[in-house]
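What follows is a short report on a single structure.
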There are 2 protein chains.
Amino acid sequence: MNPLGTAPRATLAEYVVGVIRDEIARGELRPGEHLRETELAAALDVSRGPVREALAILESEGQVEIRRHRGAFVSVLTQKDVEEVHTLRAAIEVLAAERATVRLSKAHLTELDRILAAMKNTSGAVAPEEAVRLDLAFHDVLYDAADHARLRRVWASIRSQVAFFLHVRNVNFPDFPTVGHVEHLELRTVLSQGDPVAARVAVEKHMTGSFARLSRLELPSDVAG
Amino acid sequence: MNPLGTAPRATLAEYVVGVIRDEIARGELRPGEHLRETELAAALDVSRGPVREALAILESEGQVEIRRHRGAFVSVLTQKDVEEVHTLRAAIEVLAAERATVRLSKAHLTELDRILAAMKNTSGAVAPEEAVRLDLAFHDVLYDAADHARLRRVWASIRSQVAFFLHVRNVNFPDFPTVGHVEHLELRTVLSQGDPVAARVAVEKHMTGSFARLSRLELPSDVAG
DNA sequence: CGACAGTATGTTGTTGACAATCTATGAAAG
DNA sequence: CTTTCATAGATTGTCAACAACATACTGTCG
C-alpha cells in the first residue's frame with residue numbers, strides 16, 4: 001500500500017495522482033490509452049474511491065479526459081494544447097510577476113539564487129529532467145511570492161503540462177539549459193528591482209521566446225479518437 | 001431524488017453541487033458553516049459518494065474549504081479574496097478578449113446584442129439577481145468565443161464567486177444596471193472591431209472600474225476560524 | 001489554580017460488493 | 001447494404017461497515 005518512494009503521508013487519492021502523473025510523464029501510459037478504474041485500483045492496491053478522486057484531479061490538470069460512462073483516457077496533446085497552455089501561462093505569469101516583484105522576501109531571493117546557481121552548474125550537459133525541474137522550481141518561487149492562492153491553483157492545474165512541454169523542448173534543443181540560465185538570471189534581476197511594469201515586460205519577453213521554440217516541435221495537429 | 005427544478009439529467013454530484021451552490025448564494029448556508037457529508041447526504045437523499053465529489057468541486061471553485069479530517073466549511077470571503085478574484089479575472093479576461101475579438105462569429109454577436117437589449121430593457125429598477133445573470137451571460141459569450149478550453153475552466157472556477165461579488169455590488173450600488181449597459185455596449189463595440197490590442201485595453205478599463213466599486217464594500221478583512 | 005497526558009467522541013477516509021445506467025459492438029432483419 | 005435490436009462491457013451510483021485521524025473532554029500531577 002505504500003511502495004516506498006512516492007507519498008508517505010498523503011491521502012490515497014494524492015498518492016494515486018502522483019503515480020499516474022509519473023507514468024504519463026515517463027511515457028508508460030501513452031496518449032489515448034484507456035484507464036479503467038478497476039484496473040488502476042487493483043494495480044495500485046487501493047479501492048475505486050481514491051482512484052475516482054485522482055482521475056477527477058488529473059482531469060482538472062488536463063492530463064486525462066473523462067467521458068461519461070466511457071472512462072478516462074490519457075490526453076492526446078495537440079498543437080492547440082501547446083498554444084492554450086502557453087497563452088494561459090503567459091497571462092497568469094505576468095500577474096504573478098507583477099505581484100511577486102513587490103513582495104519578494106529575502107528568503108525568496110535566496111531560493112532563486114540557489115536555483116540559478118544549480119542551473120549554472122549544470123549548464124554543460126544535463127539530463128532534461130533536471131533542467132525541467134530547475135525551470136519549474138524557479139517559477140514556483142514566483143508563484144509563491146505572488147501570495148495569491150487562486151493564481152497558485154491555476155498554476156498547479158497547468159504545471160505538469162508545462163513540465164511535459166519543457167521536457168520535449170529540452171530534448172529537441174539540447175543547448176537550452178545554457179540559454180535557460182541566462183534568461184532566468186535576467187528575470188531575477190528585474191524582479192528584485194521592485195518595478196511591476198518592468199517585471200511584466202520581462203516575463204512577457206521570457207514567455208514569447210519560450211513559445212517560439214515550442215511552436216517548432218512536431219505534435220499531432222488534431223485528435224484521432 | 002429529483003426535487004423538481006434543479007438538474008434533471010446530470011450526475012448526482014452535479015446536482016448536489018447545484019443545490020449547495022444555490023444555498024450558499026442565497027445565504028441559507030452561511031460563511032464558516034460546517035458541512036457534514038452525512039448530513040448533506042441524508043438531506044439530499046443521496047449517498048456520501050456524490051456528496052464528496054460535489055464538495056471537491058465546490059472547493060475548486062473556492063466556495064467551500066476542505067480541511068483533512070475536519071470537513072468542509074463554507075468559505076469566508078475576505079477583502080483579500082475580492083482582490084484575488086478580481087486580479088485573476090482581469091488577467092484571464094484580457095486574454096479572452098484578445099482571442100474573442102478575432103474569433104467572434106455572427107452567432108456570438110447576435111447573442112451579445114440579445115443580452116445588451118435585455119440589459120437596456122431592465123435598466124430602470126431590476127432585481128440584482130437578474131443584473132448579475134446578464135452580466136455573467138455577456139462574459140460567458142466572451143469566453144466561449146475565445147475558444148480556449150483551459151481558459152474556460154479557470155473562468156468556471158471563479159465564476160460563482162464573481163457572481164457573488166457582483167451581487168453584493170449591485171445591492172450596494174442600485175444605479176449600476178444602467179452603468180452596466182453602457183459599459184458592456186462599449187465592450188461589444190470594441191470587440192466587434194477585431195483589434196486585439198484595443199480589446200485588451202477596453203477590458204482592462206472595464207475591470208478597473210469594476211474593482212474600484214468593489215473595494216469600497218465592507219467585507220471581513222481577516223478570517224476568524 | 002494551571003499544564004499536561006490520556007481517553008472519548010465524532011467526522012472524514014477507505015473499502016468491497018451490489019444495483020442501475022449507459023455505450024458500443026455485433027448480429028439479425030428489412 | 002443499411003437499420004434496428006439485443007447483448008456485453010464498462011462506468012456510475014449506492015450502501016454498510018471499518019479504520020484513521022483531529023478535536024474536546026477528563027482527570028491527574030505539579
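So you know, we letter chains A, B, ... as the sequences are listed, proteins then strands, and number each from 1.
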Side-chain heavy-atom pair A/Phe138, A/Met119 within 4.5 angstrom cut-off: yes

Strand DNA chain D in bracket notation, Watson-Crick/G-U under 3.5 Å with | for pairs to another chain: ||||||||||||||||||||||||||||||

Within residues 29-41 of chain B: residues closer than 4.0 Å to DNA chain C (heavy atoms): B/Leu35, B/Arg36, B/Glu37

Rounded interatomic separation in angstrom, taking CG from A/Leu12 and P from C/dT12: 17 Å

Under-4.0 Å salt bridge between B/Lys80 and B/Glu84: yes

Electrostatic pair B/Arg99:A/Glu83 at N-O distance under 4.0 angstrom: yes

Atom pair distance, as rounded to whole Å: CZ in B/Arg68 and C1' in C/dG13: 8 Å

Those residues that, when tested against B/Glu98, pass salt bridge (charged side-chain N to carboxylate O under 4.0 Å, His left out) (two or more places apart): B/Arg200

Would you tabulate the side-chain donor-acceptor contacts of residues 49-59 of chain A under 3.5 Å, counting partners in other chains and residues two or more places apart, or write 'none'?
{"unit_1": "A/Arg52", "atom_1": "NH1", "unit_2": "A/Glu37", "atom_2": "OE2", "d": "3.3"}
{"unit_1": "A/Arg52", "atom_1": "NH2", "unit_2": "B/Glu53", "atom_2": "OE1", "d": "3.2"}

Partner set under salt bridge (charged side-chain N to carboxylate O under 4.0 Å, His left out) for B/Arg114, not counting sequence neighbours: B/Glu111

Near-strand residues of residues 48-60 of chain B, defined as heavy-atom separation under 4.0 angstrom from DNA chain C: B/Arg48, B/Arg52

5' priority, DNA chain C, between A/Arg70 and A/Ala13 [closest heavy atom]: A/Ala13

A/Arg133/A/Glu130 salt bridge by N-O under 4.0 Å criterion: yes

Carboxylate-amine/guanidinium proximity below 4.0 Å for B/Asp144 and B/Arg152: yes

Ion pair check, B/Asp135 and B/Arg169, cut-off under 4.0 Å: yes

Nearest-angstrom distance from the residue atom OH of B/Tyr15 to C1' of C/dT21: 19 Å

Nucleotide of D/dT12, C/dG16, D/dA22 approaching B/His69 most closely (side-chain heavy atoms): D/dA22

Distance (rounded to the nearest 0.5 Å) between B/Ile20 CD1 and B/Leu40 CG: 5.0 Å

Atom pair distance, as rounded to whole Å: CG in A/Asp45 and C1' in C/dT14: 12 Å

Pair B/Glu61 + B/Arg159: basic N to acidic O under 4.0 Å: no

